[in-house]
Amino acid sequence: MNSSFDALAPLYDRLMSNVPYISWLSYYRLLLAKHELQPQSFLDVCCGTGTLAEKLAADGFAVTGFDVSEPMIREAKRKIAASGFNVDYVVADAASLDLGRKFDAAYSFFDSLNYITEHEQLRRAIKRVAEHLEPGGSFIFDVNTAYAFEKRMFDQEDLRKQTEPKYSWKGAYDPESRLIQIHMKFWDGEDAISVDHVQRAYSDDELRAYLREAGFFDVSVFDSYTLNPARERSDRLHYVATLQSG
């Protein structure tokens with residue numbers, strides 16, 4: 001089992017140091033409140049190094065996180081051990097997830113589902129998440145849109161002297177396949193790391209079909225970090241999907 005994030009695990013939290021995780025968590029809580037959801041146990045889908053899971057655990061919630069990348073999970077375990085909080089981390093593929101227990105809610109942030117680039121794999125992943133939820137459970141996730149790829153959101157770099165690690169990204173989007181290939185290069189001191197990432201832009205119809213098939217019949221979509229509906233120029237969307245309560 002390997003992941004395009006394996007080589008980035010030691011750098012990941014420094015690369016994400018400017019990400020407003022507190023705002024992300026506040027938005028997640030806003031979406032839960034809007035839909036009158038009050039979960040006590042959470043499944044972090046494609047959790048990476050577990051920053052959001054750790055923040056939920058610090059608030060007293062029961063959290064389990066999984067990711068396909070063993071180095072990322074190793075880093076998550078190192079961080080939670082140092083924090084004094086408790087999160088159960090597991091190395092697992094979303095499409096074959098089998099934890100043997102259920103949760104009140106699942107979430108996935110920062111376009112993790114775009115990295116599942118095969119339709120059948122994403123269909124299976126959403127179904128496996130649903131099967132790990134209690135009746136009435138919710139799955140809230142975000143996705144990058146085709147508009148974001150068309151607007152070359154992955155073309156970015158920061159090579160300033162004071163930046164560590166430095167990075168340069170370049171994306172190549174194919175509108176027919178709806179796949180974007182991103183060549184990423186990072187410099188950590190004298191060490192250089194090159195990785196290639198691939199994401200797929202899924203249509204709203206595709207995502208809704210996979211959600212319905214998995215048993216999610218109540219689905220809302222928002223222009224990310226707002227309570228506004230999706231727009232033609234939304235570059236990121238948040239989906240709120242809930243299972244029938246019984």
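Quantities reported herein were computed from a predicted structural model and do not represent experimental measurements. Position 1 is the first residue of the sequence, and the numbers go up from there.
- Take Asp196 and apply the side chain to side chain donor-acceptor pair (under 3.5 Å) test, not counting sequence neighbours, and it matches His183.
- No side-chain heavy atom of Ser69 sits less than 4.5 Å from a side-chain heavy atom of Arg74.
- Surrounding NZ of Lys102 are more than 12 heavy atoms belonging to other residues, nucleotides or ligands, all under 6.0 Å away.
- Remark: Thr117 OG1 to Gln181 CD distance equals 10.0 Å, nearest 0.5 Å.
- Rounding to the nearest 0.5 Å gives a distance of 5.5 Å between CG of Leu133 and CG of Leu243.
- Of all the heavy atoms in Cys46 and Ser108, the pair that sits closest is CB-OG, 4.4 Å.
- Taking the six-membered ring for Trp and thresholds of 30 and 60 degrees, Tyr28 and Tyr107 have ring planes inclined between 30 and 60 degrees apart.
- Counting heavy atoms from C-beta outward, Glu206 and His119 have side chains that approach closer than 4.5 Å.
- Atom NZ of Lys77 and atom CD of Glu75 lie 12.5 Å apart (nearest 0.5 Å).
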Checklist line | Verdict with reasoning, His238 to Phe141, per ring-ring contact (aromatic ring centres under 6.0 Å, His included) | finding: CA-CA 6 Å; His238 270 78; Phe141 61 90; 8.5 Å; no

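- At distances below 3.5 Å, at least one donor-acceptor pair connects side-chain atoms of Ser224 with backbone N or O atoms of Leu237.
- Taking both residues in full, the closest heavy atoms of Val87 and Gly65 are given as CG1-N, 4.2 Å, listed atom of the first, atom of the second, then distance.
- Judged by distance alone, the side chains of Ser234 and Asp223 do bring a donor and an acceptor atom under 3.5 Å apart.
- Between the Asn144 side chain and the Asn114 main chain, no donor and acceptor come within less than 3.5 Å of each other.
- When the side chains of ILVMFWY residues are joined at heavy-atom separations under 4.5 Å, either directly or via intervening members, Val19 and Val143 end up in two distinct hydrophobic clusters.
- Ring-plane geometry between Tyr225 and Tyr27 is classed as tilted, the angle between the planes lying from 30 to 60 degrees on a 0 to 90 degree scale.
- Checking side-chain atoms of Asp155 against main-chain N and O of Lys170 turns up no donor-acceptor pair under 3.5 Å.
- Minimum interatomic distance between Pro71 and Asp6 (heavy atoms only, all atoms of both residues): CD-OD1, 3.4 Å.
- Evaluation of the ring-ring contact (aromatic ring centres under 6.0 Å, His included) rule for Phe110 yields Trp24 as partners, not counting sequence neighbours.
- Considering every non-hydrogen atom in both Tyr173 and Pro175, the closest pair reads O-CD, 3.5 Å.
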Notebook entry, point to check: Could you go step by step and tell me if Leu8 and His197 meet the side-chain contact (heavy atoms from CB on, under 4.5 Å) rule?
Noted result: CA-CA 11 Å; Leu8 298 181; His197 284 194; 4.0 Å; yes

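- Val90 and Phe5 sit in two unconnected hydrophobic clusters of ILVMFWY residues. Membership requires side-chain heavy atoms under 4.5 Å apart, directly or through other members.
- Using a 4.0 Å cut-off between charged side-chain N and carboxylate O, Glu164 and Lys166 make a salt bridge.
- We find the NZ-CE distance between Lys151 and Met153 to be 13.5 Å, quoted to the nearest 0.5 Å.
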Margin query: Determine whether Met72 and Tyr12 satisfy the following criterion, side-chain contact (heavy atoms from CB on, under 4.5 Å), listing intermediate values before the conclusion.
Written below: CA-CA 8 Å; Met72 294 286 271; Tyr12 188 77; 3.7 Å; yes

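- Other residues, nucleotides and ligands contribute only 12 or fewer heavy atoms inside 6.0 Å of the CD atom of Glu36.
- In this structure, CZ on Arg14 lies 5.5 Å from CG on Leu11, to the nearest 0.5 angstrom.
- Between Leu15 and Pro165, the closest heavy-atom pair is CD2-CG, 3.5 Å.
- Using a cut-off of 4.0 Å between Lys/Arg side-chain N and Asp/Glu carboxylate O, Arg236 and Asp111 are scored as salt-bridged.
- One hydrophobic cluster, built from ILVMFWY side chains closer than 4.5 Å, holds both Tyr210 and Val129.
- Of the possible polar contacts, none joining the Arg128 side chain to the Ala95 backbone as a donor-acceptor pair under 3.5 Å is found.
- One distance of note links CZ of Arg178 with OG of Ser203; it measures 5.5 Å at 0.5 Å rounding.
- For CD of Glu134, the number of neighbouring non-hydrogen atoms (other residues, nucleotides, ligands) closer than 6.0 Å is greater than 12.
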Next item on the list: Test Trp187 against Leu159 for side-chain contact (heavy atoms from CB on, under 4.5 Å), laying out the working first.
Entry: CA-CA 9 Å; Trp187 292 267; Leu159 301 176; 3.6 Å; yes

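- When Asp88, Asp93, Leu43, Val91 are each tested for a side-chain contact (heavy atoms from CB on, under 4.5 Å) with Phe66, only one passes: Leu43.
- In Glu176, the CD atom is not crowded: 12 or fewer heavy atoms of neighbouring residues, nucleotides or ligands sit closer than 6.0 Å.
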Return a table of donor-acceptor pairs under 3.5 angstrom between the side chains of residues 50-58 and protein atoms on other chains or two or more places apart.
from, atom 1, to, atom 2, distance (Å)
Thr51, OG1, Lys79, NZ, 3.0

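- You'll find the side chain of Ser138 reaches within 4.5 Å of the side chain of Leu32, heavy atoms only.
- Criterion: ILVMFWY side-chain heavy atoms under 4.5 Å apart, direct or through other members. Under it, Val198 and Val195 are not part of a common hydrophobic cluster.
- A side-chain donor from one of Asp174 and Ser177 sits under 3.5 Å from a side-chain acceptor of the other.
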Next item on the list: Step by step, work out the side-chain contact (heavy atoms from CB on, under 4.5 Å) result for Phe186 and Ser168.
Entry: CA-CA 7 Å; Phe186 303 89; Ser168 176; over 6 Å; no

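- The residues Lys127 and Glu213 are annotated as not salt-bridged, no charged nitrogen and carboxylate oxygen being separated by less than 4.0 angstrom.
- Ser41 places a side-chain heavy atom less than 4.5 Å from the side chain of Phe103.
- Ring pair Phe149/Phe154 is tilted by interplanar angle, where 30° to 60° counts as tilted.
- The shortest distance between side-chain heavy atoms of Tyr239 and Asp204 falls below 4.5 Å.
- Side chain to side chain, Thr163 and Asp158 meet the donor-acceptor criterion of an N or O pair below 3.5 Å.
- A side-chain donor-acceptor contact under 3.5 Å links Arg101 and Thr64.
- Residues Ile126 and Phe216 have side chains in contact (heavy-atom distance under 4.5 Å, counting atoms from C-beta outward).
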Margin query: Please evaluate residues Asp218 and Arg212 with respect to the criterion salt bridge (charged side-chain N to carboxylate O under 4.0 Å, His left out), reporting the C-alpha separation (whole Å), side-chain torsions for both, the decisive distance (0.1 Å), and the verdict.
Written below: CA-CA 9 Å; Asp218 184 4; Arg212 283 195 304 271; over 6 Å; no

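- Counting heavy atoms from C-beta on, the side chains of Arg123 and Glu118 never come closer than 4.5 Å.
- Cluster membership check: Val221 shares its hydrophobic cluster with Tyr202, using side-chain heavy-atom separations under 4.5 Å among Ile, Leu, Val, Met, Phe, Trp and Tyr.
- In this structure, the side chains of Thr242 and Phe139 stay at 4.5 Å or more apart for every pair of heavy atoms.
- Contact between Pro39 and Ala105 at its shortest, heavy atoms only, is CB-CB, 3.6 Å.
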